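All figures in this text were calculated on a predicted structure; none of them were measured in a lab.
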Amino acid sequence: INLDYTVFTEQGLFNVMRVAFAEPDINSLPELESKISQNEKKIICIFENLHNLFIRTIDGFNAIERLLLLMSRTQHKVFWIATCAQYGFEYLDHVIKISKYFNRIVSPGFKNKDDIREIILKRHRMSGYNLTFNVPDDLVKSRKFLSLASDNDRQKNIQEFYFEKLSVLSAGNIRVALFFWLSSIKEIFKDKMIISPELNFDFSFISVLPADILFTFAALIQHENLNEENHALVFNQE
């Protein structure tokens, strides 16, 4: 089940589950539970994007809580696997303790710079371009860097410097790391790509944004996506 839009009512969840389990004749979630429990076969259900099953209002958790109840009541017949955006999961765990419904929580964060480097370079190799890193200001006057005998050794040193900085800046988030990697590409030639190791991001603009914009950003981080109607519900607007 790949839920790519927001559903926060029990009826909305029922519509999704009835289609997913190919049960057009049932009329309620209790009927679906009964059907699943009576099934002789055990199945695996992968539910993608749990963060689309709630909205941050007083009654906006009905769908996610009802799904968790369904999962608990059918776990003898269904092996449930679910995915959720990191910040949405952290919010749901704070509000409804969602983690207690799962035997194991797997976080895809990559704190090790070597993991991030391997993922990015493996992705890059598909492009067929050779990589050349510009010399960063921090290394220009470094004795260790200047003592390196060959261009190849210097490039390895710059690459190490770059991915160390990228790992810190992205905080293990591979999507953020890829964003900064793409923004580091300065020039592309016939067979070569030039990378700038100067990774900087100016966060100062956040301090001058009005409060309503910041609250909207926070809601987007928690929900991953909000349309105008859902945004109005979260902030009690027309």
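Across all non-hydrogen atoms, the minimal contact from V7 to A63 is O-CB, 3.7 Å. Shown here for N134 and P197, the closest heavy-atom pair between the two residues is O-CG, 3.0 Å. Across all non-hydrogen atoms, the minimal contact from L166 to A177 is CD1-O, 3.8 Å. When all heavy atoms are compared, the tightest approach of K165 to L199 is CE-O, 3.4 Å. Contact between L139 and F145 at its shortest, heavy atoms only, is O-CD2, 3.3 Å. Shown here for Q86 and N173, the closest heavy-atom pair between the two residues is OE1-ND2, 4.5 Å.
For the pair S167 (side chain) and E164 (backbone), a donor-acceptor distance under 3.5 Å is absent. Side-chain atoms of Q155 do not come within 3.5 Å of backbone N or O of N152 as any donor-acceptor pair. Looking at H51, its side chain does come within 3.5 Å of a backbone N or O of A85 through a donor-acceptor pair. Judged by distance alone, with hydrogens and angles left aside, the side-chain atoms of S150 form a donor-acceptor pair with the main-chain N or O of D153 at under 3.5 Å.
Separating the CZ atom in F133 from the CD atom in Q159 is a distance of 4.5 Å, to the nearest 0.5 Å. Taking CZ of F14 as the reference point, atom CD of E31 lies at 7.0 Å (rounded to 0.5 Å). Taken to the nearest 0.5 Å, the OG1 atom of T9 stands 7.5 Å off from the CG atom of N15. Rounding to the nearest 0.5 Å gives a distance of 7.5 Å between OG of S170 and CD1 of I120. Within the model, atoms CG of N39 and OG of S34 stand 11.0 Å from one another, a figure rounded to the nearest 0.5 Å. In this structure, CD1 on I55 lies 5.0 Å from CG on L233, to the nearest 0.5 angstrom.
Looking at S37 and E33, their side chains never bring a donor and an acceptor atom within 3.5 Å of each other. Using a 3.5 Å distance cut-off with no hydrogens or angles, the side chains of H223 and T6 do not pair a donor with an acceptor.
When the shell of 6.0 Å around NE2 of H94 is examined, it contains 12 or fewer heavy atoms from other residues, nucleotides or ligands. Heavy-atom neighbours of E228 CD from other residues, nucleotides or ligands within 6.0 Å: at or below the threshold of 12. Residue N236 qualifies as open at atom CG: its count of foreign heavy atoms under 6.0 Å is 12 or below. Annotation: F215, atom CZ; neighbour count of heavy atoms from other residues, nucleotides and ligands within 6.0 Å does not exceed 12.
Under the 4.5 Å side-chain criterion, counting only non-hydrogen atoms from C-beta, V78 is not in contact with I44. No side-chain heavy atom of R18 sits under 4.5 Å from any side-chain heavy atom of L32. By the 4.5 Å heavy-atom criterion applied to side chains, M17 and I1 are counted as neighbours. Contact annotation: the side chain of I46 never approaches that of W80 to less than 4.5 Å [non-hydrogen atoms, C-beta and beyond]. Residues L3 and F47 have side chains in contact (heavy-atom distance under 4.5 Å, counting atoms from C-beta outward). Taking the side chain as every heavy atom from C-beta outward, Q222 and E90 never approach each other to under 4.5 Å. At least one side-chain heavy atom of E198 sits less than 4.5 Å from a side-chain heavy atom of D137. A 4.5 Å side-chain heavy-atom check between F79 and C45 finds every atom pair outside the cut-off.
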Where do F54 and F61 land on the ring pair (Phe, Tyr, Trp, His ring centres under 6.0 Å) test, with the steps shown first? CA-CA 5 Å; F54 83 98; F61 299 89; 5.7 Å; yes
Side chain to side chain contact (heavy atoms under 4.5 Å, CB included) assessment of L50 paired with L67: CA-CA 9 Å; L50 283 185; L67 177 66; 3.6 Å; yes
Kindly indicate, with the supporting measurements, whether the criterion side chain to side chain donor-acceptor pair (under 3.5 Å) is fulfilled by N225 and N52. CA-CA 8 Å; N225 53 91; N52 284 331; 3.3 Å; yes
What verdict does the side chain to side chain donor-acceptor pair (under 3.5 Å) test give for D202 and S204, after you've listed the backbone C-alpha separation in whole Å, the side-chain angles of each residue and the deciding distance to 0.1 Å? CA-CA 6 Å; D202 185 4; S204 62; 2.7 Å; yes
When you look at D4 and N49, which way does the side chain to side chain donor-acceptor pair (under 3.5 Å) test go after all the steps? CA-CA 7 Å; D4 56 3; N49 302 324; over 6 Å; no
Let me see the working for Y162 and S184 under side chain to side chain donor-acceptor pair (under 3.5 Å), right down to the final yes or no. CA-CA 10 Å; Y162 173 85; S184 299; 3.0 Å; yes
Test E187 against K192 for salt bridge (Lys or Arg N to Asp or Glu O under 4.0 Å), laying out the working first. CA-CA 8 Å; E187 292 183 86; K192 185 170 63 174; over 6 Å; no
Checking side chain to side chain contact (heavy atoms under 4.5 Å, CB included) for the pair D114/R117: CA distance, chi angles, key distance, verdict? CA-CA 5 Å; D114 294 328; R117 173 167 50 194; 2.6 Å; yes
Between H231 and L220, is a side chain to side chain contact (heavy atoms under 4.5 Å, CB included) present by the stated rule, with each step listed? CA-CA 9 Å; H231 180 277; L220 284 169; over 6 Å; no
Please evaluate residues F89 and S99 with respect to the criterion side chain to side chain contact (heavy atoms under 4.5 Å, CB included), reporting the C-alpha separation (whole Å), side-chain torsions for both, the decisive distance (0.1 Å), and the verdict. CA-CA 8 Å; F89 185 85; S99 60; 4.0 Å; yes
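Criterion: ILVMFWY side-chain heavy atoms under 4.5 Å apart, direct or through other members. Under it, Y5 and L13 are part of a common hydrophobic cluster. L169 and I206 fall within the same hydrophobic cluster, where Ile, Leu, Val, Met, Phe, Trp and Tyr residues are linked whenever their side-chain heavy atoms come under 4.5 Å apart, directly or through other members. Both L182 and I195 are part of a single hydrophobic cluster, where members link through side-chain heavy atoms under 4.5 Å apart. Hydrophobic clustering of Ile, Leu, Val, Met, Phe, Trp and Tyr side chains at less than 4.5 Å, counting indirect connections, unites Y91 with I105. One hydrophobic cluster, built from ILVMFWY side chains closer than 4.5 Å, cannot hold both V19 and F8; they sit in different ones.
Within the cation-pi definition used here (under 6.0 Å to the ring centroid, within 45° of the axis), R56 qualifies as a partner of F235.
Between W181 and F163, the two ring planes are parallel [angle under 30°; tilted spans 30° to 60°].
Salt bridge status for E10 with R66: present, with a side-chain N to carboxylate O gap under 4.0 Å.
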